[in-house]
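The next block holds one structure in the form of structure tokens; read it before the comments.
Numbers here are sequence positions counted from 1. What's counted below: heavy atoms across the whole structure, side chains too, no hydrogens, waters or symmetry copies.
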Amino acid sequence: MRLYIKNMVSIRCKMVVKSELENLNLRYKTVELGEVELEETISEEKRNALRAALLTYGLVLMEDKKSILVEKIKTMIIEMIHYGDELPKVNYSVYISEKLDLNYTYLANLFAEVKGTTIEHFIITHKIEKVKELIIYDELSLTEIASLMQYSSVAHLSKQYKKITGLTPSHFKQLKHKSRNPLEDL
């Protein structure tokens, strides 16, 4: 049995979910970002107990099929940008469509309907957040960051960065108190 959990976008969230599953004596096969595979079907009583336990951590057990699909898209993008070794070499639309085995136009329209933003904007926002992280680490030049994040040039990166944050990457780099946004808030 699969369960889908909204706002489960960090390693800490995975640990919380595992802990709550164990507290409720629910055996699971896997716990991934946004998704849990249980070994067996659970009763409505256990589902409600899990729902209540997760809610105390700001996590929501999802039931609506459209919302579940949108969460899958969000989780895939977050994993791809923030936790993957490198970004896919194919177009993001092709990547998402192939991973979910669904038509990209359908996915894009559904995402926009449910989230009120496009998949493209969601990807750009997360790429910029990853760029912030890389700037804060101060181990790579802007040229290296642009290349790593698959921007055609530093100028292209800077233009998108300024459009999203209101600052240039160079100005952000000079700030004393650099801040990032929590992934679940993007």
Under 4.5 Å between side-chain heavy atoms, hopping through other hydrophobics if needed: is there a path connecting [X] to [Y]?
X	Y	answer
F111	V60	no
I135	I124	yes
M15	L59	no
L55	Y57	no

inquiry  = Check this for me: does any side-chain nitrogen of one of K46 and E40 sit under 4.0 Å from a carboxylate oxygen of the other?
reply    =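 Looking at E40 together with K46, the answer is no, because their closest N to O distance does not fall below 4.0 Å.
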key: Presence of salt bridge, E79 and K99, under 4.0 angstrom   = no
Is the shortest heavy-atom distance from the side chain of [X] to the side chain of [Y] under 4.5 Å?
X	Y	answer
I119	Y104	yes
E129	H82	yes
L3	L50	yes
M76	L100	yes
L175	L167	yes
E44	N48	yes

Spacing of [atom1] belonging to [X] relative to [atom2] belonging to [Y], to within rounding of 0.5 Å:
X	Y	atom1	atom2	result
E71	S67	CD	OG	7.5 Å
K18	Y28	NZ	OH	5.0 Å
I68	T75	CD1	OG1	11.5 Å

inquiry  = Tell me whether the count of non-hydrogen atoms from other residues, nucleotides or ligands lying under 6.0 Å of CD in E45 goes above 12.
reply    =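 No, the 6.0 Å shell around CD holds no more than 12 heavy atoms from other groups.
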request  = Taking atom CD of E37 as the centre, report whether more than 12 heavy atoms of other residues, nucleotides or ligands fall under 6.0 Å from it.
outcome  =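 Yes.
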inquiry  = What verdict does the side chain to side chain contact (heavy atoms under 4.5 Å, CB included) test give for L69 and V114, after you've listed the backbone C-alpha separation in whole Å, the side-chain angles of each residue and the deciding distance to 0.1 Å?
reply    = CA-CA 10 Å; L69 188 51; V114 172; over 6 Å; no
Please give me the minimum heavy-atom distance between [X] and [Y], naming the atom from each residue.
X	Y	answer
K173	L140	NZ-O, 4.1 Å
V70	K115	CG1-CG, 3.6 Å
L142	L157	O-CD2, 4.1 Å

ask   = Which of these passes side chain to side chain contact (heavy atoms under 4.5 Å, CB included) with F172: T165, I136, I128?
value = I136
Under 3.5 Å donor-acceptor, [X] side chain and [Y] backbone:
X	Y	result
T30	E32	no
K127	M149	yes
Q174	H171	no
T125	H121	yes

request  = Under the side chain to side chain contact (heavy atoms under 4.5 Å, CB included) rule, what do V17 and K14 come out as? Steps first, then yes or no, please.
outcome  = CA-CA 5 Å; V17 170; K14 282 175 65 171; 5.9 Å; no
Solution key, residues 86-98 side-chain donor-acceptor pairs under 3.5 Å, sequence neighbours excluded:
from: E86; atom 1: OE2; to: K89; atom 2: NZ; distance (Å): 3.2
from: S97; atom 1: OG; to: L102; atom 2: O; distance (Å): 2.5

